[in-house]
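Notes follow once the structure below has been shown.
In each ligand, atom 1 is the first atom listed, and ligand 1 is the first ligand listed.
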Amino acid sequence: MCGIFGIEGCDDAANLTYLGLYALQHRGQESSGIVSWDGGKLHFLRAMGHVSDIFHEKALADLTGFRAIGHTRYSTAGTSVIDNAQPIVVKTSFGQLALVHNGNLVNPGEIRHRLEAEGSIFQTTSDTEVILHLMAKAPRREVVESFLLALEQVRGAYSLLLIAEDCLIAARDPNGFRPLVLGDLNGQPCFASESCAFDLLGARLVRELEPGEVVVARGGKIQSHHLSQHPEPTRCIFEHVYFARPDSKVFGVSVAQSRLRMGARLAREAPAPADIVVPVPDSGMYAAMGYSRESGLPLELGLTRNHYVGRTFIEPKQSIRHFGVKIKLNPVRELLEGKRVVLVDDSIVRGTTSKKIVRMVREGGAAEVHLRISAPPTQWPCHYGIDTPIRNELIAARHSIEEIRQFIEADSLAYLSLEGLLTAVGGPAESYCTACWTGDYRVQVSSWDQRQAELFPMRSEER
Ligand code: AMP
């Protein structure tokens, strides 16, 4: 869960990257950073917080250059500290490099252990740093050769942008877990996690990078390379369910439209005896629209979301019921009073938030609350970069749907089937990763990394 953006050959590259990151803020709100290259020097700024809090006019003016990359981070590997904020900037025998990464590697511990035994000194606990160490260890005349060599050794999920002294390089892992798109801004190449970043800049979406593709951009020209591995792609379908912005095209499909189809399919698979459909904002918005259109039940915005909630808030000393959820959501009694409500959301993870939301809708006057979820039950943690808790914290890993219904105190509960979800997104079913619902992990965590995770389990909220 991170957003990355990069641009090549534009005078105000850092400024444009800042705008790109602004549009990708939903992919990570923990830290953010930009690195620019002016032809002789790398300039960078990284800090904890939101993009708009970090980059002021003066800070951006100092990030001079015609090539830049940026990152918004949501920590899934490595702890949440400034040292792990990206871009990671290093000096190597073949010049300065800066790297940003979206996704999680599945064998970083194993590589790090080997490199440390050979004398490497790591500066962060982030999995991304191993890629730079592998490059530094095998310098080649062309930086892209070193990059390709390093990528052949890592496994897992990565969409990457690398600034070198003579080019900008974009890479997507052979499984294509995370999205990465190529754009064109007045003839100059740009790259982003999602196409919504191009819309803000007025750039044209050219295409998605292919799984295993490495694109080198120099000036207005691009050159494509391919990694040697060619597995069946396993693109993360959860990007469509929850993570991506609805105005983006992900894996060539409009996210808004796939969510509308999920909702419509859910209405057919799990109708409810109700008067109105209410989305949980913002995650359930489009699926609720789809459910409403298909069922003929009116859509009512019966929950209001406060969009200005910061990362930290001061809790009152006196206990307030459901405080954590209340600060984000508030029911609209005038719309809910006496109504049988179909409440639509995208997923139940631990179940604790959902329980509070169901209660909130009931306390807001609803006569009945029927919860509908636009994806199957989340039963398995993600190894590829989505922040799901460890398995025994996932309510659906340990409880039946009826037990979950009782826990969240809904009148009824139903999930979209896996087949329904795959049909709603479209494309070949086997080209998607569905591990969070099925446990079918197509890229295995290395046994070394697995053992370390068992020896030193990191509670998900500490990630
Ligand atoms: P809970 O009921 O505590 O499991 O929380 C469910 C809420 O978490 C839903 O509104 C989801 O949209 C949201 N959600 C789902 N997946 C994630 C995730 N990986 N990170 C943060 N929130 C999520």
Side-chain angles (χ1 to χ4, degrees), residues 1-3 25-30 72-77 80 102-104 157 177-178 236-246 255 259 262-263 266 278-288 302-307 309 311 322-331 342-361 369 371-399 401 403-410 413 415-416 421 433-437 459-463:
M1 291 169 86
C2 291
Q25 183 75 82
H26 62 288
R27 295 185 70 87
Q29 298 89 41
E30 192 175 277
T72 64
R73 179 162 201 265
Y74 186 120
S75 68
T76 48
S80 163
N102 172 210
N104 270 14
F177 278 107
R178 300 275 144 244
C236 169
I237 200 169
F238 196 66
E239 291 271 354
H240 269 273
V241 172
Y242 170 77
F243 200 38
R245 240 171 67 161
V255 175
R259 286 184 191 163
M262 287 171 213
L266 188 56
V278 173
V280 174
D282 292 324
S283 48
M285 219 62 168
Y286 284 78
L303 287 169
T304 305
R305 177 166 172 186
N306 183 340
H307 284 102
V309 178
R311 284 189 57 79
H322 316 316
F323 181 73
V325 173
K326 268 189 181 162
I327 200 156
K328 253 192 184 170
L329 298 175
N330 199 27
V342 182
L343 187 64
V344 181
D345 204 354
D346 71 288
S347 46
I348 300 176
V349 184
R350 291 184 177 88
T352 44
T353 308
S354 305
K355 181 183 186 126
K356 289 176 181 172
I357 296 172
V358 169
R359 277 196 189 166
M360 177 179 278
V361 172
V369 185
L371 184 61
R372 295 293 177 270
I373 301 295
S374 62
T378 304
Q379 296 189 55
W380 299 87
C382 179
H383 300 320
Y384 314 121
I386 296 288
D387 183 37
T388 36
I390 54 172
R391 183 139 205 257
N392 64 20
E393 289 177 16
L394 296 170
I395 190 166
R398 294 175 288 118
H399 296 283
I401 293 179
E403 286 168 344
I404 301 171
R405 183 198 70 73
Q406 285 174 21
F407 175 77
I408 61 173
E409 299 167 358
L413 167 67
Y415 291 82
L416 182 61
L421 171 61
C433 176
T434 57
C436 48
W437 306 297
R459 290 192 23 248
S460 50
E461 59 271 31
E462 287 170 0
R463 281 181 197 167

[atom]: the protein heavy-atom neighbour that sits closest, reported with distance to 0.1 Å:
{"atom": "atom 22 (N) of ligand 1", "result": "Y242 OH, 3.0 Å"}
{"atom": "atom 1 (P) of ligand 1", "result": "G351 N, 3.3 Å"}
{"atom": "atom 2 (O) of ligand 1", "result": "S354 OG, 2.5 Å"}
{"atom": "atom 12 (O) of ligand 1", "result": "D346 OD1, 2.4 Å"}

By number and element, which atoms of ligand 1 are closer than 4.0 Å to a non-hydrogen atom of [X]?
{"X": "S283", "result": "10 (O), 12 (O)"}
{"X": "I348", "result": "4 (O)"}
{"X": "T353", "result": "1 (P), 2 (O), 3 (O), 5 (O)"}
{"X": "D387", "result": "18 (C), 19 (N)"}
{"X": "T352", "result": "1 (P), 2 (O), 3 (O)"}
{"X": "R350", "result": "1 (P), 4 (O)"}

Any donor and acceptor pair, going by atom type alone, linking the side chain of [X] with main-chain N or O of [Y] inside 3.5 Å?
{"X": "R178", "Y": "C236", "result": "no"}
{"X": "T72", "Y": "G3", "result": "yes"}
{"X": "K355", "Y": "F407", "result": "yes"}
{"X": "Q25", "Y": "G28", "result": "yes"}
{"X": "R391", "Y": "W380", "result": "no"}
{"X": "R27", "Y": "F243", "result": "no"}
{"X": "Q29", "Y": "H26", "result": "yes"}

key: S374 to A287 - nearest heavy-atom pair and separation   = CB-CB, 3.7 Å
ask   = Non-hydrogen atoms of T388 versus ligand 1: any pair closer than 4.0 Å?
value = no
ask   = At the 4.0 Å heavy-atom cut-off, does F238 count as touching ligand 1?
value = yes
ask   = Taking atom 7 (C) of ligand 1 as the point of reference, which of C436, S374, S347 owns the nearest heavy atom?
value = S347
ask   = Out of I357, I373, D345, I404, whose heavy atom is nearest to atom 9 (C) of ligand 1?
value = D345
query = Any luck finding a side-chain donor-acceptor pair between N330 and T304 under 3.5 Å?
reply = no
key: Reference residue L413; test side-chain contact (heavy atoms from CB on, under 4.5 Å); the match among V358, V369, I348   = I348
ask   = Does V349, backbone or side chain, put an N or O under 3.5 Å from an N or O of ligand 1?
value = yes
inquiry  = With nothing but distance in play, are any N or O atoms of K355 less than 3.5 Å from an N or O of ligand 1?
reply    = no
